[in-house]
Number of protein chains: 2
Amino acid sequence: MSPKIFVSAQEVAERAGVSRSAVSRTFTPGASVSPETRRKVMEAADALGYHVNHLARGLMRNESGIVCLIVADLGTPFRANLIKALTDELQTAGKVAMLINTDRSDGSVDAALRQAIRYRADASIVLSGMPDKSITDLCMKNGQTLILINRDDNRPGPLRINLDDREAARTVVTAFLRAGCRQLAFANSEAGTPSLMAREHGFILAAGEQGLEVVVERFGRTGYEAGRVLAQRLLMRRERPDAVFCATDLLACGFMDAARHQFSLSIPGDLCVVGFDDIEQASWTSYDLTTFGQPIAEIARKSVSWLAAGMPDDEAREPVELHAQLVWRRSIRGA
Amino acid sequence: MSPKIFVSAQEVAERAGVSRSAVSRTFTPGASVSPETRRKVMEAADALGYHVNHLARGLMRNESGIVCLIVADLGTPFRANLIKALTDELQTAGKVAMLINTDRSDGSVDAALRQAIRYRADASIVLSGMPDKSITDLCMKNGQTLILINRDDNRPGPLRINLDDREAARTVVTAFLRAGCRQLAFANSEAGTPSLMAREHGFILAAGEQGLEVVVERFGRTGYEAGRVLAQRLLMRRERPDAVFCATDLLACGFMDAARHQFSLSIPGDLCVVGFDDIEQASWTSYDLTTFGQPIAEIARKSVSWLAAGMPDDEAREPVELHAQLVWRRSIRGA
DNA sequence: TTGTACGCGTTATCAC
DNA sequence: GTGATAACGCGTACAA
């Protein structure tokens, strides 16, 4: 096996009978080369299978074209779709995505950001966890753009995209009231991420303004299984809830399945359910779940346009608030 | 905004009062540095926030540490989980994943592989589509490892990991017969990917050996919606199937929902269903789908161990056949 | 063990 | 429009 023998601009130049610089210019958009030279170069390049070395180019230009995506629970429908949207957007912008998984451990995101720095990524986009302040400072110092999505970080520096979780929660309360529900519940995981907690607090607050108490239950990791357990806990109560707001759609799916098959409840007859994320499964006939759609495409566009435009000045670093749109389906009465 | 000012080994050397090569050696595993020098270097590096430039290192070593993952439909549960497993495995092996989305267009995978070459990726792993022969040749010529997963390519060169789809299909026929089913159907998409077609052909073949005909229907893209349409087509037939093998779980979920809610059929009473992939949703109470689990972890381990070990010699390039394990749930009678 | 000198493939700069 | 040259940050023979 010939181990890594790539063809260089030098070889192309020799074969084309021109200088190295001519080759370089041919592959640099906007450089001036005569049609004749360009033709000779392209011909030689094709024959040899030449491809510009982005490692070397990045070294020269101080711009690798790499954008680092840092994420946990990549297997999850919402995350996967967000990653897809981001990579798509990055590719059309001429960038390339580097994907780093994190786990629940503390230094995990920090390690990922260090990796991004080592590869001189043009930017890092954090979708999970929270980097330590020392690391965000490091990114800033190195002039590396840092984007936090749904992290709700209030320290200055990185660019932030957040959702109006509290406003969404308020909408749910209104909808539940209109459906005639009186026993409100909130089903959450124990993850304690900013967006999840914002939904919880917003829901409790909005309900309180209407004179209603909310029963809150938290369990496990944010997923289907936790939703089932939460249903068991909440639906066994003496005062059984007639409306539940689940922090995510996955929780809601588990909740609905348990409610129907273990408690024989009808939805929305006995119980109204609202979720969050609008993952594909929410629209499946078995669930038909009313939920909030995250503006994934817009999140992706906003993030990437930032990189392209370069960092705005420090004073313009207010977090961007995006709006979650309620998608009405049949898991809640009325409209 | 300070635009991309990274600290170099030179600066660390100056601050530590040593030569630049001492810094280099400190960060090169297995190089010989005195404890005292190492300490001084690390101290200066920490203070300055130094990180080795992997672009430059890759340039020198002719080994970037980057592995390119080429995939379509990344938002899909199975794909997302495979990507997660692969990135996890790559990270523990000290590599980093570069993610490239492809669409359905012909040259899409080729373009992705070219991008991989430009970044001098150590290897490319193709999970979707089929690269043109000229491109696979290019990868081989450049000494870039190429791994095809479930692509069922029979041309020599790239490393291949395939599943025993035909054997799995045979198992399904047996199970259906044991459940007393006589009217067999196969629900497929129009994607026509190798694994999907292998399942279809294997199913028809195995059924034929038992003297049974199979009604085959194909529609749309491999997903939930197509499953619903396929159910409408297959369940409206005069001789209604009492057993259907769906090419993937997503198709099966759509099929089941339509069968139950539009045709009021009971599963497995009126209809037995088997899927493929064992995505998380298959285990959800609403589906409880009997399906084949793809050995995702093993696929990931095998792929990455190949890169680590380096390319085997040409003669050892037989495709690796992995086994799909049937996961018994309640969408089929008997056991 | 340490430092010096060179090369990796590319682009930017500057004469021509 | 073209070609020579320096520089990017790093690894590594080589000599000390």
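Every value quoted in this text rests on a predicted model; they were computed, and no experiment measured them. By convention in this document, chain letters (A, B, ...) are assigned in the order of the sequence lines, proteins followed by strands, and residues within each chain are numbered from 1. Values below: all heavy atoms of this structure, side chains included; hydrogens, waters and symmetry mates excluded.
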Among the nucleotides D:dG1, C:dT2, C:dG9, whichever has the atom closest to the side chain of A:S34 is D:dG1

A:K40 NZ to D:dG1 P: how many Å, rounded? 15 Å

Nucleotide nearest B:R25 when distance is taken to its side chain, options C:dA12, C:dT2, D:dT2: C:dT2

Please determine whether a side-chain nitrogen of the Lys or Arg among A:E63 and A:K95 lies less than 4.0 Å from a carboxylate oxygen of the Asp or Glu. yes

When rounded to whole Å, the CD1 to C1' distance for the pair B:I5 and D:dG9 reads 15 Å

How many Å lie between CG on A:N62 and P on C:dA12, as a whole number? 12 Å

So which one's nearest nucleotide on DNA chain C is more toward 5', B:S32 or B:L59? B:S32

Short N-O contact, A:K133 and A:D137, less than 4.0 angstrom: yes

Residue closer to the 5' end of DNA chain C, B:T37 versus B:A56 (nearest nucleotide): B:T37

Salt-bridged, B:E43 to B:K40, with N to O below 4.0 Å? no

Applying a 4.0 Å non-hydrogen cut-off, can you work out what A:Y50 is touching in the nucleic acid: base, sugar-phosphate, or nothing? sugar-phosphate

Which of A:L74, A:V126, A:I83 passes side-chain contact (heavy atoms from CB on, under 4.5 Å) with A:L69? It is A:I83

Let me know the distance between CD of A:Q10 and P of C:dG7, rounded to the nearest Å. 13 Å

Do A:S24 side-chain and C:dA12 base share a donor-acceptor contact under 3.5 Å? no

For atom CD1 of B:I117 and atom P of C:dG9, their distance in whole Å: 15 Å

Reckon B:S21 touches a base, only the sugar-phosphate, or nothing at all at heavy-atom distances under 4.0 Å? base

Across the strands shown, which category fits A:V33 at heavy-atom distances under 4.0 angstrom: base, sugar-phosphate, nothing? sugar-phosphate

In whole angstroms, the gap separating C1' of C:dT10 from CD of A:E63 amounts to 14 Å

Per atom distances to the A:R20 side chain, the nearest of C:dT10, D:dT2, C:dT2 is C:dT10

What is the distance from CZ of B:R57 to C1' of D:dG9, rounded to the nearest Å? 11 Å

B:N142 has an atom CG; how far is it from atom P of C:dG9, in whole Å? 12 Å

Nucleotide nearest A:M60 when distance is taken to its side chain, options D:dA7, D:dT2, C:dG3: D:dA7

Is any side-chain heavy atom of A:L146 less than 4.5 Å from a side-chain heavy atom of A:T136? yes

